[in-house]
J.: 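Input: one structure, supplied below.
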Amino acid sequence: MKINEVVSLEFLAQMINGLSLGSIYALIALGYTMVYGICKMLNFAHGDVIMVGAYMLSVAMGMLGLPPVLAILLSMVVCACLGVTIERIAYKPLRNASPLAVLITAIGVSYFLQSSALLIFGSTQRKVESAINVSSVQLGELTIGGNALVTLLLTIVLMTGLTWFINHTMTGKAMLAVSEDKGAAQLMGVNVNRTIATTFLIGSALAAVAGVLFISSYGFVGPYTGAMPGIKAFVAAVLGGIGSVPGAMLGGILLGLIESLSKAYISTQLADAIVFGVLIVVLLVKPTGLLGKKRTEKV
Amino acid sequence: MNKILTKKNIAALLLIVAIYAVLLTCDSMGLFNRQTKALLVPIGINIMLAVSLNLMVGFLGELSLGHAGFMSVGAYAGCIFTIHAEMPMWLELPLAMLLGGVVAGVFGLLIGIPALRLRGDYLAIVTLAFGEIIRAVLNNVSLVGGAGGLNGIPKYSNYTIVYVMAVITIIIIANLVKSRHGRAICSIRDNIIASEAMGIPVVKYKLMAFIVAAFFAGIAGVLYGHNLGILKPSTFDFNKSIEILVMVVMGGMGSLPGSIIAAFLITVLPEALRSLQDYRMLIYAVVLIAMMLLNNNARFNEFKQRIFSKKATRQGANLTKEGK
Amino acid sequence: MSTMLEVKNLGISFGGLRAVDGFNVNIEKGQLYGLIGPNGAGKTTVFNLLTGVYQPTMGTFSLDGENLTGKNTLEISHKGIARTFQNIRLFSKMTVLDNVKVGLHNKVKYSLASGMLRLPSYFKDEKFLNERAKELLDVFGLYGEREYLASNLPYGKQRKLEIARALATGPKLLLLDEPAAGMNPNETAELMDTIHFVRDEFDMTILLIEHDMKLVGGICEEITVLNFGQVLAQGKPADVLNDPKVVVAYLGE
């Protein structure tokens, strides 16, 4: 009886861990999925924007001594600008290039961000104090950490806001139109270049938030901090169906749960391998993901 | 056109012999210091890796981010074999290379199967996932040394063996590309719908490219293991796959001589210019971005065409001469 | 004369929209047959159905007496239907010669090992391929440009190369999707002569999509007019083109 309670309590705690981790993945996955929906490209460098966001937080709070809220805002602004700049310099000239060329460029950008961070900040990981100072909540015998709580709440707010934005504002509708048919949208007077820039701006700002949240629970930032969460968030986006915003949320949460449960009950070292295994299985069984739609090439 | 003894082939043969003769003379005259000599084997291995990856990226047109994964399964298979087999080296090493190549080829087939259903970006991620899974598994299997590495591999590799293997790899892949199989592979890259409508079994040729590329990466892995005497899973990470990709991209996708030169430069330059060591990754990044932007820049292509157009008209002149 | 292509009641709908509906046609061996109709009438969709790009939701079609309904693109290609594409689909980074040699892919059988190691069968078969490709390129006057990249050919020649490549597969039936699109009147007239020549020389059965009614009337023995996915008229060009229904479909009331 007592053992049962302990197990189920641990299970619940792991579920909450998973949900909180999954929310972060979902926030990152949104950036992938929005860009993919509109530009049909995999922005490999998106994960590294998280790393930049985390470094900015550490610089703003540690060196500039800004209060957490301002530090978070600054890091969002920096990342948003970075995202737009990357698009302008590296991706825009390749709008009509082969997908292979775009993908290789994106990998190049990812490498560029990592190696720049390495040169600027060095390879040792920096300790970052948490930007979130919320005490944990006690629910019966279950303790929910302040970080997890804020992560969950913030994700819900941002997701709702984004969904509202896409469906109810002119810019949001322009984004939907461009993702449906770039040429037709342009003919209808949508400024395609600005819409794509906005997409990168929003995606990168969300990535900055994700970076802040990730670093607040992890505690350290290094040049490669963004790589793994980035790839996993991409897995989440694919799992949910790339190009679909609800899909990114679903995929992110599922992936967070899978990772945290396999860490707890299977093996810590193999957790990453399991996540990738899930990806391969999903792509084999349902390449369009859980909520994605099929596209066929016109002959 | 007829048979093997064309001017081009004789020239290639002379070049192959000449390069080896130079290597041998320099070595016997003691012109190589230890660092230079230690570079010879990695150069050959990287050439094998770049040329085989080019088959996948440049000719088939599918991005693989897991080439280091194929290299590692081949390396482990071959090296475990030589550790346990009690045979003379002249028998043991070729068998190990064959085994490494075949095991990597089997993995190439396994990864190729999802490739049949997936478009470029997804496939790239699957190959990346494959590489990461392999590394995680190798890290956790104590039978192959785990994260500490696989020790006690006999150091069989020397520059003669690697030179011979690199030459064989280049010749076989160059021949393949110019055969009906190679044309089928290139046609898939250029237009898969037309390729299928022309009766090309697309499935078969995609898998063929994957298997052949993985096979040679596996052999390169075996030579790598027998060069260092130890294999560590961390060597075969994502960065290694990217490094091979940079060689292919820098040399030009679909150009074998390009891959060879780029593999040489990327192996030698960081050693020659020690001060560049810190900027190595940054340079890779810039190479990847700049090559793609330039290749897709209309003005640059025009410029390139103007330079090469002299050559083209010359070829045209030759054609009309032949026609008469 | 025997029937080469027999299409019965063929149709496909995309989410309720009937793009092609109850399409019937009989093409005799050696015939030059025209399929015309206004934009969006479903002409290219018929080609996509006949080459397995789409699977029909109704009806059947057979080639030379063999039912091919439900077969995929590759199988249909092997059974002997070859096509060109409305929006040219050449292997753009390969040479003109290699484009045709891809079409000839299944005409020789040398193995992968033979290709990698250049065994005697490689040289024998490649020699055969080069000779065959020369014959085909000569028909279209492209042999002089054989070492050019396909993408560097002028537009009209790209269309010709596509036909040469399709012929290389050795088809029983050749489908040409707007072969004269984007050509000037002189080029078009020349192309039509070539198509005639191909039919006679290779004893080929040809089904051709064209926009321009006059042009089709000039060279086709029989034509079908498609409008809104349905057959509007069928028969000898002179009769069909004067059919009031056809005139209305093209010019409006």
Side-chain angles (χ1 to χ4, degrees), chain B residues 1-4 6 9 58-59 61 168-169 171-205 208-209 211-212 215-216 253-254 301 305 308-309 311-312 314-320 322-324, chain C residues 51-53 72-85 88-94 98-99 101-118 120 122-123 125-127 129-130 143-152 162 165-166 168-171 175:
Chain B
M1 212 44 85
N2 47 1
K3 296 291 162 166
I4 301 164
T6 58
N9 285 355
F59 294 97
I168 290 176
T169 308
I171 290 176
I172 286 185
I173 292 192
N175 283 350
L176 168 66
V177 169
K178 287 196 175 145
S179 70
R180 70 185 194 107
H181 311 285
R183 286 191 295 267
I185 288 171
C186 292
S187 77
I188 295 172
R189 169 198 68 195
D190 280 0
N191 200 314
I192 189 168
I193 290 173
S195 180
E196 205 158 35
M198 292 305 115
I200 304 295
V202 166
V203 168
K204 178 179 150 189
Y205 283 108
M208 185 185 279
I211 294 170
V212 172
F215 178 82
F216 286 108
M253 290 189 281
N301 282 333
Q305 227 155 23
F308 286 112
S309 67
K311 200 175 145 197
R314 231 187 11 245
Q315 270 179 351
N318 285 341
L319 287 179
T320 41
E322 265 175 49
K324 276 172 192 171
Chain C
T51 52
V53 175
N72 64 30
T73 307
L74 186 64
E75 289 166 329
I76 288 175
S77 161
H78 290 166
K79 292 292 179 190
I81 300 182
R83 73 177 287 184
T84 64
F85 297 87
I88 302 174
R89 288 180 177 273
L90 284 171
F91 306 127
S92 51
K93 290 190 184 133
M94 299 173 75
D98 279 350
N99 265 271
K101 281 164 95 176
V102 171
L104 291 165
H105 181 84
N106 292 310
K107 301 290 169 240
V108 294
K109 295 285 170 228
Y110 70 81
S111 66
L112 177 65
S114 178
M116 283 174 162
L117 305 173
R118 303 239 159 144
Y122 165 85
F123 290 102
D125 286 350
E126 283 292 312
K127 189 163 170 265
L129 288 181
N130 285 326
Y143 191 65
E145 282 130 325
R146 65 186 181 280
E147 293 299 328
Y148 287 26
L149 290 189
S151 55
N152 289 347
E162 245 201 340
R165 185 182 68 178
T169 64
L175 308 179

J.: Considering only heavy atoms, which portion of Y205(B) lies under 4.5 Å from any heavy atom of chain C: side chain, backbone, both, or neither?
T.: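 Just the side chain, heavy atoms under 4.5 Å.
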J.: Select one option (side chain, backbone, both, neither) describing which atoms of L129(C) are under 4.5 Å from chain B's heavy atoms.
T.: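 Just the side chain, heavy atoms under 4.5 Å.
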J.: Please confirm whether the backbone N or O of L112(C) pairs with a side-chain atom of H181(B), one donor and one acceptor, at under 3.5 Å?
T.: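 Yes, H181(B) side chain to L112(C) backbone: donor-acceptor pair under 3.5 Å.
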J.: What distance separates L175(C) CG from F85(C) CZ, expressed to the nearest 0.5 Å?
T.: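 The CZ atom of F85(C) is 10.0 Å from CG of L175(C), to the nearest 0.5 Å.
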J.: Taking atom NZ of K93(C) as the centre, report whether more than 12 heavy atoms of other residues, nucleotides or ligands fall under 6.0 Å from it.
T.: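 No.
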J.: Which one, S195(B), G254(B), A174(B), G182(B), leads in non-hydrogen pairs under 4.5 Å with chain C?
T.: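 Between S195(B), G254(B), A174(B), G182(B), the count favours S195(B).
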J.: Please state whether the side chain, the backbone, both or neither of T51(C) comes within less than 4.5 Å of a heavy atom of chain B.
T.: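 When you check distances to chain B, no heavy atom of T51(C) falls under 4.5 Å.
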J.: Strictly distance-based, threshold 3.5 Å: is any side-chain N or O of R118(C) a donor or acceptor partner for the main-chain N or O of F123(C)?
T.: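 The answer is no, because no donor-acceptor pair under 3.5 Å joins these two groups.
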J.: Considering only heavy atoms, which portion of S111(C) lies under 4.5 Å from any heavy atom of chain B: side chain, backbone, both, or neither?
T.: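 Just its backbone gets close to chain B.
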J.: State, to 0.1 Å, how close M198(B) and A166(C) come at their nearest heavy-atom pair, and which atoms those are.
T.: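 Looking at all heavy atoms of both residues, the closest pair is SD-CA, 4.1 Å.
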J.: So which part of N72(C) gets closer than 4.5 Å to some heavy atom of chain B, the side chain, the backbone, both or neither?
T.: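 No part of it gets close to chain B.
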J.: Tell me, out of E75(C), K101(C), M116(C), who's got the most heavy-atom pairs with chain B below 4.5 Å.
T.: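 That would be M116(C).
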J.: Which answer fits V177(B), side chain, backbone, both or neither, if we ask what part of it has an atom under 4.5 Å from a heavy atom of chain C?
T.: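 Neither part.
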J.: Would you call E126(C) and R183(B) a salt bridge, using N to O less than 4.0 angstrom?
T.: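 Judged by the 4.0 Å cut-off on N to carboxylate O distance, E126(C) and R183(B) do form a salt bridge.
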J.: Just give me the residue among N99(C), I81(C), V102(C) that pairs up with chain B most often, heavy atom to heavy atom, under 4.5 Å.
T.: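 Counting heavy-atom pairs under 4.5 Å, the top option is V102(C).
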